[in-house]
Protein chains: 2
Amino acid sequence: MSRHHHHHHEGCQRRDAAQLLEQCLQRAKAAGLRRTAALHEVLALLLEACQPLTLADLSADPRLAALADRSTVYRLLVKLEQHALVRRVGLHDRAAYYHIHLPGEHHDYLICEGCGRIERLEQSCPVEALEQTLSAQSGFTNLKHDLTFYGLCPHCSSGSSQPCCDLVH
Amino acid sequence: MSRHHHHHHEGCQRRDAAQLLEQCLQRAKAAGLRRTAALHEVLALLLEACQPLTLADLSADPRLAALADRSTVYRLLVKLEQHALVRRVGLHDRAAYYHIHLPGEHHDYLICEGCGRIERLEQSCPVEALEQTLSAQSGFTNLKHDLTFYGLCPHCSSGSSQPCCDLVH
DNA sequence: ATACATGCAAACATTTTGCTTTGGC
DNA sequence: GCCAAAGCAAAATGTTTGCATGTAT
């Protein structure tokens with residue numbers, strides 16, 4: 001489980017959730033994956049979560065725990081990452097975090113070092129332009145980037161010792 | 001050892017190496033650390049390296065291995081990070097990477113996903129401005145950020161199966 | 001003299017793999 | 001039926017800690 005665990009129940013309120021899921025399943029099939037219950041649920045959970053999840057987060061979720069072993073989830077994530085359906089990010093925690101990668105979408109995150117809360121940033125990323133330049137200058141191809149901000153959220157800034165969100169330990 | 005290990009022998013050619021080291025030692029002392037041989041060498045290695053190093057990289061270096069146990073290096077890194085003398089970054093590897101943090105300096109990195117080579121970017125980071133905005137909007141304080149680019153270096157792009165740099169395995 | 005730093009070994013957490021069985025196509 | 005996926009358990013990797021001892025201040 002992530003160091004600072006939160007409930008992920010709400011998730012993104014995407015109107016076209018079912019449709020997006022179906023799209024991902026199609027992409028997965030195109031990548032050679034079989035349409036299994038575990039794959040379905042991993043994608044569903046990642047789509048619902050508005051933030052990156054760890055392997056532990058995923059495989060502990062009752063909806064997934066009921067139908068797939070952790071190693072299965074792990075292998076799914078590896079394959080999904082290889083085919084660019086998910087992205088793995090560091091986020092300064094010991095565990096790796098995964099988030100869904102939709103074509104044309106890119107997200108940066110803001111993390112509170114006090115309580116571990118992860119917020120997805122909605123503003124457009126200012127780095128796209130630099131990426132072009134960099135590619136030209138360095139000769140690197142297939143450039144991607146990770147941009148993450150760290151700081152103290154308003155509550156943690158205030159020096160309060162109370163947890164500022166529903167931490168579960 | 002990092003997944004893609006390189007020789008770090010050359011390092012940055014800083015003219016004022018000795019002076020910088022002394023400055024860091026001063027800052028460390030101010031933070032309450034004692035001036036030990038291990039601390040000296042950890043800082044020296046981090047200053048020389050132009051790229052983030054893992055705990056394994058550091059403690060395997062003969063100059064440090066000779067005089068400090070890995071757990072000592074680990075504890076030094078933890079303390080140095082707490083006092084902002086070093087920064088820990090993710091870099092998509094299993095191990096944590098550490099690099100020196102000099103006042104007023106900030107570096108982003110470009111990593112080849114093929115051979116693991118890490119390049120430090122010299123251009124100024126375009127994110128500083130956004131950081132201000134973000135702080136105002138979100139109420140977060142003490143904002144920092146990590147920006148890392150991933151791609152394939154010219155050699156790895158070419159599809160050659162030859163290693164493009166002095167990998168040690 | 002005291003408190004911090006160290007070495008060594010053990011505990012932990014997380015990832016990764018081997019092998020057999022199951023199930024999608 | 002064939003090959004990928006899954007389950008289980010063990011190995012591998014990297015981090016973290018406990019405790020007795022050494023050492024900077």
Side-chain angles (χ1 to χ4, degrees), chain A residues 1-5 25-43 52-61 63-83 85-86 88-98 116 169, chain B residues 1-5 25-26 28-43 52-61 63-83 85-86 88-98 116 168-169:
Chain A
M1 190 68 48
S2 19
R3 184 167 53 104
H4 302 284
H5 177 70
L25 284 165
Q26 293 297 335
R27 285 205 286 149
K29 171 189 274 191
L33 302 217
R34 291 180 177 177
R35 184 166 188 135
T36 65
L39 173 62
H40 188 282
E41 201 56 41
V42 165
L43 288 173
L53 301 178
T54 63
L55 170 59
D57 289 335
L58 284 166
S59 68
D61 187 298
R63 281 159 55 189
L64 191 46
L67 55 81
D69 183 76
R70 177 179 297 217
S71 67
T72 299
V73 179
Y74 171 76
R75 285 189 258 231
L76 278 175
L77 289 171
V78 169
K79 273 201 189 105
L80 289 171
E81 199 208 350
Q82 283 169 352
H83 294 98
L85 277 132
V86 309
R88 180 164 50 114
V89 291
L91 303 188
H92 279 202
D93 215 337
R94 193 147 124 193
Y97 282 76
Y98 297 87
H169 279 291
Chain B
M1 191 68 48
S2 19
R3 186 166 54 105
H4 303 284
H5 177 70
L25 283 165
Q26 293 297 335
K29 171 189 275 191
L33 301 217
R34 290 181 178 176
R35 184 166 190 135
T36 65
L39 172 64
H40 189 283
E41 201 56 42
V42 165
L43 288 173
L53 301 178
T54 64
L55 171 58
D57 289 336
L58 283 166
S59 69
D61 187 297
R63 281 159 54 188
L64 191 46
L67 55 82
D69 184 76
R70 176 178 298 218
S71 67
T72 299
V73 178
Y74 170 75
R75 285 189 260 230
L76 278 174
L77 288 170
V78 169
K79 274 202 190 105
L80 289 171
E81 198 207 352
Q82 283 169 351
H83 295 97
L85 277 130
V86 309
R88 181 164 48 116
V89 292
L91 303 187
H92 279 201
D93 213 339
R94 194 149 124 193
Y97 282 76
Y98 299 85
V168 177
H169 278 291

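No experiment lies behind these values; they were computed from the predicted model shown. All chains are named by letter (A, B, ...) in the order of the sequence lines, taking the proteins before the strands, and each is independently numbered beginning at 1.
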Tell me whether the side-chain N/O atoms of [X] come closer than 4.0 Å to OP1 or OP2 in [N].
X      : N       : result
T36(B) : dA24(D) : no
K79(A) : dA4(D)  : no
Y74(A) : dT15(C) : no
T72(A) : dA5(D)  : no

Check the distance between [N]'s [atom2] and [X]'s [atom1] and give it to me in whole angstrom.
X      : N       : atom1 : atom2 : value
Q82(B) : dA5(C)  : CD    : P     : 11 Å
D57(A) : dT15(C) : CG    : P     : 10 Å
D93(B) : dT15(C) : CG    : C1'   : 12 Å
Y97(B) : dG14(D) : OH    : C1'   : 12 Å
L67(A) : dA5(D)  : CG    : C1'   : 13 Å
L53(B) : dG14(D) : CG    : C1'   : 16 Å
L33(B) : dA3(C)  : CG    : P     : 18 Å
L76(B) : dT17(D) : CG    : C1'   : 16 Å

Exercise. Which sits closer to the 5' end of DNA chain D, G32(A) or S71(B), going by the nucleotide each is nearest to?
Worked result: G32(A)
Exercise. Hey, which of these two, Y98(B) or R35(B), hits DNA chain D nearer its 5' end, going by closest nucleotide?
Worked result: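 Closer to the 5' end of DNA chain D: Y98(B).
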Shortest non-hydrogen contact from [X] to [Y]?
X      : Y      : result
L39(A) : A28(A) : CD2-CB, 3.9 Å
S59(B) : V73(B) : CB-CG2, 4.1 Å
L25(A) : R35(A) : CD1-NH2, 3.5 Å
L91(B) : Y97(B) : CD1-CG, 3.6 Å

Exercise. On DNA chain C, nearest-nucleotide positions of R34(B) versus D69(B): which is more 5'?
Worked result: R34(B)
Exercise. Starting at the 5' end of DNA chain C, which residue's closest nucleotide do you reach first, R94(A) or A37(B)?
Worked result: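 Mapping each residue to its closest nucleotide by heavy atoms, the 5'-most match is A37(B).
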Exercise. After noting the C-alpha distance and the side-chain angles of L80(B) and V42(B), does the key distance pass the side chain to side chain contact (heavy atoms under 4.5 Å, CB included) rule?
Worked result: CA-CA 10 Å; L80(B) 289 171; V42(B) 165; 4.0 Å; yes
Seminar exercise, completed: Out of dT17(C), dT6(C), dC8(C), minimum distance to the side chain of R75(A) belongs to dT17(C)
